[in-house]
Amino acid sequence: MTEKFKKESWKPGTLIYPLPAVLVTCGATPEEYNMLTIAWTGTVCTNPPMCYISVRKERHSYDIIRRTGEFAINLTTEEMAHATDWCGVRSGKDNNKWEATGLTPMTTPHISAPIIGESPLSICCKVRQVVELGSHDMFIADVVGIEADARFIDPKTGKFSLDKAKPIVYSHGEYFSLGKLIGHFGWSVRKKTTKRKR
């Protein structure tokens, strides 16, 4: 019998890709404002809205987030790709990442941590729980506010068009822009409408 699919067995690893390439911002005062690049992030609950980030303990931002209990997840774009990578390989302990990248820290009423002005969408979070896992600790957080760039909001419908911002994703050491739209949620079961003959 001929096998239709050929598979190789690999050792356990983290190969759930692609993932969003985000910039996480933190700090209670302008003097300690920092940002770091993270791919281990996602939604964990809709109601109440909750998400998570996983951070290595040796990262400069780890202690800041642990102490303040606040951070913002800032989505990134093709225009922000260079800065996104730079913030992932340089430490805020030795560099002022804002000056080096030219990105703009902005305040928000939701948290003391800054958001990034150039980001199309910033998700403001307050830490609910820290789970110590191994190489990374997971910060599970409540979403307490969203800051959306008005440039990507349709004034007629109020709909936010993230695709117009040209977001980027991370996949196994590489960054990619998103591809073409192939469908909407539920399109596989939606009934097709037939045009009536006149």
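For the single chain, residues carry numbers from 1 onward in sequence order. None of these values were measured; they are calculated from a predicted model.
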Side-chain heavy atoms of Met80 within contact of Asn74, under 4.5 Å: no
Side-chain (Thr76) to main-chain (Ala21) donor-acceptor, under 3.5 angstrom: yes
Hydrophobic cluster membership, Met50 vs Val131, 4.5 Å side-chain cutoff: yes
Contact check, side chains of Leu178 and Asp163, non-hydrogen atoms, under 4.5 Å: no
Rounded distance [0.5 Å steps], NZ in Lys57 versus CD in Glu132: 4.0 Å
Thr37 side chain to Thr84 backbone, donor-acceptor under 3.5 Å: yes
Point-to-point distance, once rounded to the nearest 0.5 Å, from CD1 of Ile153 to NZ of Lys159: 13.0 Å
Exercise: identify the closest heavy-atom pair between Met35 and Cys87: CG-SG, 4.0 Å
Donor-acceptor pair, side chain of Ser119 and main chain of Leu75, under 3.5 angstrom: yes
Met106 atom CE, neighbour heavy-atom count above 12 within 6.0 Å: no
Reported CD1-to-OG1 distance for the pair Ile168 and Thr77, which is rounded to 0.5 angstrom: 7.0 Å
Check: Asp154/Ser161 side-chain N/O donor and acceptor closer than 3.5 Å: no
Validation row: Tyr33, Lys97 side chains within 4.5 angstrom (heavy atoms): no
CA sep, side-chain torsions, deciding dist, call: Asp142, Arg128, salt bridge (Lys or Arg N to Asp or Glu O under 4.0 Å): CA-CA 6 Å; Asp142 292 301; Arg128 174 186 287 217; 2.9 Å; yes
Pairwise side-chain contact, Pro109 with Glu147, heavy-atom cut-off 4.5 Å (strictly under): yes
Greater than 12 external heavy atoms within 6.0 Å of Arg90's CZ: no
Leu23 vs Leu103 side-chain heavy atoms within contact, under 4.5 Å: yes
Side-chain heavy-atom pair Trp98, Pro114 within 4.5 angstrom cut-off: yes
Joint cluster assignment, Leu133 & Val127, ILVMFWY side-chain distance < 4.5 Å: no
Sequence neighbours excluded, every pair satisfying salt bridge (Lys or Arg N to Asp or Glu O under 4.0 Å) that has a member inside residues 28-47: Glu32-Arg67
Close side-chain approach of His60 and Leu36, heavy atoms under 4.5 Å: no
Over 12 foreign heavy atoms within 6.0 Å of CD1, Ile16: no
Point-to-point distance, once rounded to the nearest 0.5 Å, from OH of Tyr175 to NE2 of His82: 10.5 Å
Shortest non-hydrogen contact from Leu121 toward Ala148: CD1-CB, 3.6 Å
Passing candidate, side-chain contact (heavy atoms from CB on, under 4.5 Å) with Cys124, options Val143, Ile115, Ile146: Ile115
Donor-acceptor contact below 3.5 Å, side chain Arg59 vs main chain Ser91: no
Side-chain (Thr41) to main-chain (Tyr52) donor-acceptor, under 3.5 angstrom: yes
Distance, nearest 0.5 Å, that separates CZ of Arg56 from OG of Ser61: 14.0 Å
Nearest non-hydrogen partners of Ala39 and Tyr170, listed with the distance: CB-CD2, 3.8 Å
Within one Ile-Leu-Val-Met-Phe-Trp-Tyr cluster: Trp40 and Met138, side-chain cutoff 4.5 Å: no
Shared hydrophobic cluster for Phe139 and Val22 (ILVMFWY, side-chain gaps under 4.5 Å): yes
Distance (rounded to the nearest 0.5 Å) between Glu118 CD and Asp149 CG: 9.5 Å
Check: Thr108 and Ser122 side chains under 4.5 Å, non-hydrogen atoms: no
Which residues share a ring pair (Phe, Tyr, Trp, His ring centres under 6.0 Å) with His172, sequence neighbours left out: Tyr17
Check: Ile65 main-chain N/O paired with Tyr62 side-chain donor or acceptor under 3.5 Å: no
Verify same cluster id: Trp86, Val55 (apolar side-chain graph, 4.5 Å): no
